[in-house]
S.K.: 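Got a structure for you, questions after.
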Amino acid sequence: MIVKSLLSPPSASVLANLQHYIEELQCLKKETAMVFIEKELENRNIEPCNENLKEIIELLNLTSNQELLNETIAVEKERLNAGEHKVKGNMEEINQVVNLVRNLRDYVVKTEYFAVESDVSFPPYFRCPLSLELMLDPVIVASGQTYERQSIQKWLDHGLNVCPKTRQRLTHTNLIPNYTVKAMISTWSDENNTNCLSNSEHNTGNVFEEQKGDNSFGSHVEIEKWELQSPYIHSRSESFSSSISSSDCLLAVSKDVSRMSDKHQNVKVSSVDPGGMENGGNNNSNTTNSYLGVDSHLVSNSGFSELTTSSHVNKLIKDLRSQSIEAQTSAAEELRLLTKHNTENRIIVGQCGAITHLLSLLYSDAKVTQEHAVTALLNLSINEDNKALIMEAGAIEPLIHVLKAGNDGAKENSAATLFSLSVMENGKAKIGRSGAVKALVELLASGTIRGKKDAATALYNLSIFHDNKARIVQAGAVQFLVRLTDPADGMVDKAVALLSNLSTISEGRLEIAREGGIPSLVEIVESGSQRGKENAASILLQLCLHSSRFCTLVLQEGAVPPLVALSQSGTPRAKEKAQQLLSHFRNQREGAKTKGKS
């Protein structure tokens with residue numbers, strides 16, 4: 001009929017008929033889509049049918065990730081409305097549709113359905129779980145998950161107060177920048193010669209370039225190229241403290257890290273190591289050899305980077321159980337070295353049951369034995385299955401013991417291990433309830449510089465879980481963090497990042513003001529790093545919004561000029577915070593004038 005209409009002379013009736021035919025065809029197409037939707041809703045298999053999902057996407061003309069995001073938000077709002085009205089039948093149907101949309105999203109990610117043809121395909125863990133697109137401004141929500149700021153803000157703006165991925169109710173709507181993921185994306189972009197980040201985004205995103213004295217919560221994951229590019233990343237033991245903070249993202253990244261770290265792991269060997277690299281050895285990163293140092297020679301000649309066997313690991317476990325301290329120390333050291341580089345070795349050692357015996361050595365009176373044992377556990381925790389085994393074996397209490405009684409190296413790696421375990425589901429809550437916070441704060445107060453940095457990193461990750469913020473404040477962390485805003489300590493950005501999280505609760509704000517933190521924060525806004533300025537402005541905004549007294553103190557410190565400068569030349573988030581503060585000051589002044597006239 002359409003063909004006949006096209007062959008006929010043009011007239012109003014023909015065009016009207018043609019339009020009618022097209023409308024009928026569109027309805028038919030939608031009806032066909034319903035067939036596949038119903039098939040998928042009735043599908044009782046564990047796995048959805050990919051053919052059905054593909055047909056639904058094509059027939060509903062879902063042509064972009066953005067359209068799929070809109071569908072996701074729409075069905076979530078339907079579920080929210082049904083829940084408020086307590087309509088049981090509707091809720092069951094809506095839940096089915098929500099699951100269908102989730103399956104559609106998983107299919108799109110798995111098949112890269114909307115991907116633009118390109119020589120480079122970015123890693124899946126760089127995708128926002130909500131928009132399914134590359135994250136340019138990753139932020140962490142209250143559940144600990146990381147999303148692209150624009151997409152999660154859109155979600156929140158629609159009144160949705162649950163985490164899209166975990167379904168947890170969000171206890172607050174603060175969005176915390178995830179600098180490490182941003183830096184990783186920036187580094188990956190450089191390595192693959194892609195233009196996925198604009199120049200401005202790239203410059204603010206690469207924390208390794210913007211920080212010239214401190215890599216605040218920058219990743220210590222053992223990727224040789226990152227460490228060699230960055231002269232200010234401290235040499236250290238097998239710790240990989242990081243601020244990814246989104247557990248799923250870190251879990252995905254750590255698998256690649258495990259694979260890549262087989263090439264090299266920057267090691268701070270203890271005083272008894274054959275290489276003699278006490279306290280990190282040469283920390284000059286201008287050449288590869290200065291980073292690999294003596295320990296590179298040690299590994300290449302010792303064979304510890306080679307694949308081990310279960311029988312050999314079982315022999316070492318037998319030595320761990322020995323009454324001889326010398327045998328225990330030797331076995332713990334070898335397990336540490338075996339798991340330092342090799343992904344498969346971590347799996348074998350974990351499966352052989354070495355974890356419980358290593359944990360028992362954390363109570364050893366021999367400090368060297370204790371350090372080897374905790375460092376081996378840190379290496380093992382890179383593997384996700386081992387993380388679960390370590391937690392199930394009751395690792396938290398022994399690790400707290402090491403934080404209190406170990407030597408400097410053991411304390412550092414105990415803090416790093418707690419960080420590693422905290423990325424697990426419920427890890428932050430369990431560690432927070434255990435008493436580890438107090439021990440970490442003590443390390444923050446009196447540890448070595450490396451120890452303080454590891455403690456701050458672990459506390460930062462724990463502070464993402466809302467209940468832990470009060471625990472950290474009550475343990476006295478704020479006074480030490482305020483002291484660490486002194487540039488001489490080289491920890492300004494780490495301290496301010498953690499203070500930014502703590503400033504979201506009233507106890508945190510009160511302590512920041514009580515400990516005299518306001519002058520330092522204003523100074524950081526004026527002369528700190530880009531990231532430091534951003535977090536300092538965020539803290540000042542929290543203080544001023546919640547207390548006119550704090551607002552007066554901030555103004556007395558001369559905050560207006562540096563805030564005006566930041567509002568014009570900072571990162572996008574820093575500009576936003578500075579503008580909000582300046583606007584708040586104006587409103588306060590106008591309010592005072594109005595009150596005076598009345």
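Computed over heavy atoms, backbone and side chain alike; hydrogens, waters and symmetry mates excluded.
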S.K.: Stepwise, does the side chain to side chain contact (heavy atoms under 4.5 Å, CB included) test hold for E507 with E511?
M.R.: CA-CA 6 Å; E507 304 99 301; E511 283 301 306; 5.7 Å; no

S.K.: Do the side chains of E76 and H158 get nearer than 4.5 Å, heavy atoms only?
M.R.: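 No, side chains not in contact.
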
S.K.: Is a side-chain donor or acceptor of N468 paired with a backbone partner of L462 at a separation under 3.5 angstrom?
M.R.: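 Pair found, side chain donor or acceptor close to backbone of L462.
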
S.K.: Between H584 (side chain only) and C544 (backbone N and O only), is there a donor and an acceptor less than 3.5 Å apart?
M.R.: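 Side chain of H584 to backbone of C544, a donor-acceptor pair under 3.5 Å: yes, one is there.
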
S.K.: Going from CE on M491 to NZ on K453, what distance comes out if it is rounded to the nearest 0.5 angstrom?
M.R.: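 M491 CE to K453 NZ: 7.0 Å, rounded to 0.5 Å.
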
S.K.: Supply the atom-to-atom distance E67 CD to E71 CD, rounded to the nearest 0.5 angstrom.
M.R.: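 The CD atom of E71 is 8.0 Å from CD of E67, to the nearest 0.5 Å.
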
S.K.: Considering non-hydrogen atoms only, spot the tightest contact between K452 and L444 and give its length.
M.R.: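 Minimum heavy-atom contact is CG-O, 3.3 Å.
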
S.K.: For P177 versus Y460, what's the shortest heavy-atom pair and its separation?
M.R.: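 In terms of heavy atoms, the two residues are closest at O-OH, 3.8 Å.
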
S.K.: Report yes or no: does S583 contribute a side-chain atom to a donor-acceptor pair with the main-chain N or O of Q580 at less than 3.5 Å?
M.R.: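 A pair under 3.5 Å: no.
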
S.K.: Side chains of L481 and L459, heavy atoms from C-beta outward: is any pair under 4.5 Å?
M.R.: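 In short, these two side chains do not touch, never coming nearer than 4.5 Å.
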
S.K.: CD of Q579: more than 12 outside heavy atoms within 6.0 angstrom?
M.R.: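 Yes - once you tally the heavy atoms of other residues, nucleotides and ligands closer than 6.0 Å, there are more than 12.
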
S.K.: Identify whether the distance between the nearest side-chain nitrogen and carboxylate oxygen of E384 and K387 falls below 4.0 Å.
M.R.: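 Counted as a salt bridge, because a side-chain N and a carboxylate O are separated by less than 4.0 Å.
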
S.K.: When rounded to the nearest 0.5 angstrom, what distance separates CD1 in I140 from CG in N501?
M.R.: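 One finds 7.5 Å between CD1 of I140 and CG of N501.
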
S.K.: Identify the two heavy atoms, one from G517 and one from V482, that lie closest to each other, and give their separation to 0.1 Å.
M.R.: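 Between these two residues, the closest heavy atoms are CA-CG1, 3.8 Å.
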
S.K.: Hey, mind stepping through L521 and I512 against side chain to side chain contact (heavy atoms under 4.5 Å, CB included) and telling me if it holds?
M.R.: CA-CA 10 Å; L521 292 169; I512 290 169; 4.0 Å; yes

S.K.: Side-chain contact, heavy-atom cut-off 4.5 Å: S527 with E523?
M.R.: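 SC-SC contact between S527 and E523 confirmed.
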
S.K.: Please confirm whether the backbone N or O of V97 pairs with a side-chain atom of R102, one donor and one acceptor, at under 3.5 Å?
M.R.: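 The answer is no, because no donor-acceptor pair under 3.5 Å joins these two groups.
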
S.K.: Quick one, V141 and L156 - any side-chain contact, counting heavy atoms below 4.5 Å?
M.R.: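 Side chain of V141 against side chain of L156, heavy atoms only: no contact under 4.5 Å found.
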
S.K.: Go through L175 and Y147 one step at a time and tell me if the side chain to side chain contact (heavy atoms under 4.5 Å, CB included) criterion holds.
M.R.: CA-CA 9 Å; L175 302 179; Y147 298 94; over 6 Å; no

S.K.: Would the distance check show the side chain of N386 and the main-chain N or O of L380 forming a donor-acceptor pair, the cut-off being under 3.5 Å?
M.R.: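 Yes, because the side chain of N386 sits within donor-acceptor range (under 3.5 Å) of the backbone of L380.
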
S.K.: Any idea which heavy atoms bring V139 and I152 closest together, and the distance?
M.R.: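 Heavy-atom minimum between the residues: CG2-CG2, 3.8 Å.
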
S.K.: Using every non-hydrogen atom in the two residues, find where T339 and N345 come nearest and quote the distance to one decimal.
M.R.: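 It is CG2-O, 4.3 Å.
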
S.K.: Drop me the distance from L399's CG to S434's OG, to the nearest 0.5 angstrom.
M.R.: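 Atom-to-atom, L399:CG and S434:OG are 9.5 Å apart.
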
S.K.: A side-chain contact here means heavy atoms from C-beta on lying under 4.5 Å apart; do T171 and F465 qualify?
M.R.: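 No, too far: nothing below the 4.5 Å cut-off.
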
S.K.: Crowded around K430 NZ? As in, over 12 foreign heavy atoms under 6.0 Å?
M.R.: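 No - once you tally the heavy atoms of other residues, nucleotides and ligands closer than 6.0 Å, there are 12 at most.
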
S.K.: Side-chain contact test, heavy atoms from C-beta onward, threshold under 4.5 Å: evaluate it for K494 versus L498 and give yes or no.
M.R.: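 Side chain of K494 against side chain of L498, heavy atoms only: no contact under 4.5 Å found.
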
S.K.: Let me know which of Q542, K469, H172, R509 forms a side chain to side chain donor-acceptor pair (under 3.5 Å) with T504.
M.R.: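 Exactly one candidate clears the test, K469.
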
S.K.: Can you find a pair of side-chain heavy atoms, one from K428 and one from S422, that are under 4.5 Å apart?
M.R.: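 Touching, per the 4.5 Å side-chain cut-off.
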
S.K.: What closest approach, in Å, do M135 and I185 show between heavy atoms, and which atom pair accounts for it?
M.R.: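 Looking at all heavy atoms of both residues, the shortest contact is O-CD1, 3.1 Å.
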
S.K.: Are a donor atom and an acceptor atom from the side chains of S131 and E148 found within less than 3.5 Å of each other?
M.R.: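 No, because no side-chain N or O of S131 sits under 3.5 Å from a partner of the opposite role on E148.
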
S.K.: Within a strict 4.5 Å, meaning less than it, do heavy atoms of the L132 and L69 side chains meet?
M.R.: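 They are not in contact (no side-chain heavy atoms under 4.5 Å apart), so the answer is no.
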
S.K.: About how many Å separate CG of L160 and NZ of K154, when rounded to the nearest 0.5 Å?
M.R.: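 Here the rounded value is 11.5 Å.
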
S.K.: Run the side chain to side chain contact (heavy atoms under 4.5 Å, CB included) check on I176 and S500 step by step: do they pass?
M.R.: CA-CA 9 Å; I176 303 167; S500 179; over 6 Å; no

S.K.: Could you state the interatomic distance from CD1 (I396) to OG1 (T417), rounded to the nearest 0.5 Å?
M.R.: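 Separation between the atoms: 12.0 Å.
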
